[in-house]
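Computed from a prediction, not measured in an experiment: that's the story for all the values here.
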Amino acid sequence: QVQLVESGGGLVQPGGSLRLSCAASGSISSINAMGWYRQRPGNQRELVAAFTSGGSTNYADSVKGRFIISRDNAKNTGYLQMNSLKVEDTAVYYCNADVYLTSGSYPSKYWGQGTQVTVSS
């Protein structure tokens with residue numbers, strides 16, 4: 001009913017920048033919260049950055065000062081701007097969103113398919 005489509009991943013050199021996008025489509029009334037997670041090789045999925053329900057932002061310590069989360073409500077699209085990328089940032093990145101459907105009264109969580117980010121020289 002709701003689909004999140006991620007894009008923008010790829011190969012980048014250390015110190016470079018990359019911008020990930022997550023476009024939501026479907027019977028959406030509103031998006032209450034959204035965030036970005038990543039899964040590095042051999043590790044569990046971890047929080048990278050997120051908007052809280054109160055509108056504040058949370059960042060993992062490892063990305064503070066380098067990554068910026070944003071969204072365009074009119075386009076139902078979220079973004080993750082990644083700057084000063086490090087080799088350790090290499091991971092599959094996932095977006096998620098708590099979505100209110102047009103036919104429902106409660107939000108449901110949806111996940112994107114993931115996009116590979118590889119930081120290597």
Side-chain angles (χ1 to χ4, degrees):
Q1 192 170 6
V2 173
Q3 185 179 24
L4 304 181
V5 179
E6 297 167 315
S7 61
L11 176 65
V12 65
Q13 293 184 337
S17 297
L18 209 60
R19 189 193 195 194
L20 305 183
S21 299
C22 179
S25 61
S27 301
I28 300 172
S29 177
S30 63
I31 300 177
N32 186 55
M34 62 89 63
W36 290 88
Y37 292 74
R38 70 184 180 188
Q39 187 167 8
R40 295 181 291 171
N43 295 313
Q44 295 183 332
R45 190 174 300 183
E46 62 184 340
L47 173 70
V48 176
F51 284 105
T52 68
S53 59
S56 299
T57 55
N58 288 328
Y59 292 94
D61 289 340
S62 59
V63 307
K64 285 182 178 178
R66 299 189 297 120
F67 290 11
I68 302 172
I69 187 172
S70 63
R71 60 186 175 186
D72 187 332
N73 292 333
K75 297 180 179 180
N76 286 328
T77 301
Y79 305 94
L80 182 67
Q81 178 67 45
M82 303 184 293
N83 301 314
S84 301
L85 283 162
K86 304 175 181 179
V87 173
E88 63 196 59
D89 294 320
T90 296
V92 178
Y93 285 74
Y94 302 86
C95 69
N96 78 329
D98 292 334
V99 179
Y100 283 92
L101 304 179
T102 56
S103 60
S105 300
Y106 301 95
S108 298
K109 184 179 291 293
Y110 295 88
W111 290 87
Q113 81 285 357
T115 185
Q116 176 71 48
V117 172
T118 301
V119 184
S120 176
S121 59

So that I can tick it off, tell me whether K86 and D89 are bridged by a salt bridge, with the cut-off set at under 4.0 angstrom between side-chain N and carboxylate O. no
With sequence neighbours left out, the residues meeting side-chain hydrogen bond (donor to acceptor under 3.5 Å, both in side chains) with N43 are none
Mind jotting down which residue pairs meet the salt bridge (charged side-chain N to carboxylate O under 4.0 Å, His left out) criterion with at least one end in residues 45-55? Sequence neighbours excluded, please. R38-E46, R40-E46
Do F51 and V63 belong together in a cluster built from hydrophobic side chains that touch within less than 4.5 Å? yes
Residues 96-121 vs salt bridge (charged side-chain N to carboxylate O under 4.0 Å, His left out), sequence neighbours excluded, gives D98-K109
Filter on disulfide (SG to SG under 2.5 Å), then keep only pairs touching residues 36-85, sequence neighbours left out; what's left? none
The reported gap from CD1 in I28 to CG in N76 (rounded to nearest 0.5 angstrom) is 4.5 Å
Nearest heavy-atom neighbours spanning G10 and L18: N-CD2, 4.0 Å
For Y37, check ring-ring contact (aromatic ring centres under 6.0 Å, His included) against everything at least two apart and list the hits. W111
Can you pull out every disulfide (SG to SG under 2.5 Å) where at least one residue sits in residues 2-63? Sequence neighbours excluded, please. C22-C95
Mind listing the closest non-hydrogen atom pair of A24 and L4 along with its distance? CB-CD2, 3.4 Å
Got a sec, which residues hit side-chain hydrogen bond (donor to acceptor under 3.5 Å, both in side chains) with N83, two or more places apart in sequence or on another chain? S17, Q81
Tell me whether V2 shares a hydrophobic cluster with I31, the cluster being built from Ile, Leu, Val, Met, Phe, Trp, Tyr side chains joined at under 4.5 Å. yes
Listed partners of S108 passing side chain to side chain contact (heavy atoms under 4.5 Å, CB included), at least two apart: Y110
State plainly whether one hydrophobic cluster holds both M82 and I68, where clusters connect Ile, Leu, Val, Met, Phe, Trp and Tyr through side-chain heavy atoms under 4.5 angstrom apart. yes
Gap separating the OG atom of S62 from the CG atom of L47, nearest 0.5 angstrom: 9.5 Å
Name all pairs fulfilling the salt bridge (charged side-chain N to carboxylate O under 4.0 Å, His left out) condition that reach into residues 13-24, sequence neighbours left out, sorted by first residue then second. none
Tell me whether V92 shares a hydrophobic cluster with V12, the cluster being built from Ile, Leu, Val, Met, Phe, Trp, Tyr side chains joined at under 4.5 Å. no
May I ask whether W36 and Y94 are part of the same hydrophobic cluster, defined by side-chain heavy atoms of I, L, V, M, F, W, Y residues being less than 4.5 angstrom apart, directly or through others? no
Show me the donor-acceptor pairs, under 3.5 Å and distance only, between side chains in residues 112-119 and residues at least two apart or in other chains.
residue: Q113; atom: OE1; partner: E6; partner atom: N; Å: 3.3
residue: Q113; atom: NE2; partner: E6; partner atom: O; Å: 3.1
residue: T115; atom: OG1; partner: G9; partner atom: N; Å: 3.4
residue: Q116; atom: NE2; partner: A91; partner atom: O; Å: 3.4
residue: Q116; atom: NE2; partner: T118; partner atom: OG1; Å: 3.3

Over all heavy atoms of both residues, which pair between S121 and P14 is shortest? Give the atoms and the distance, please. N-CD, 3.7 Å
Applying ring pair (Phe, Tyr, Trp, His ring centres under 6.0 Å), which residue pairs with at least one partner in residues 57-87 are found, sequence neighbours left out? none
With sequence neighbours excluded, residues passing side chain to side chain contact (heavy atoms under 4.5 Å, CB included) with T102: S27, S29
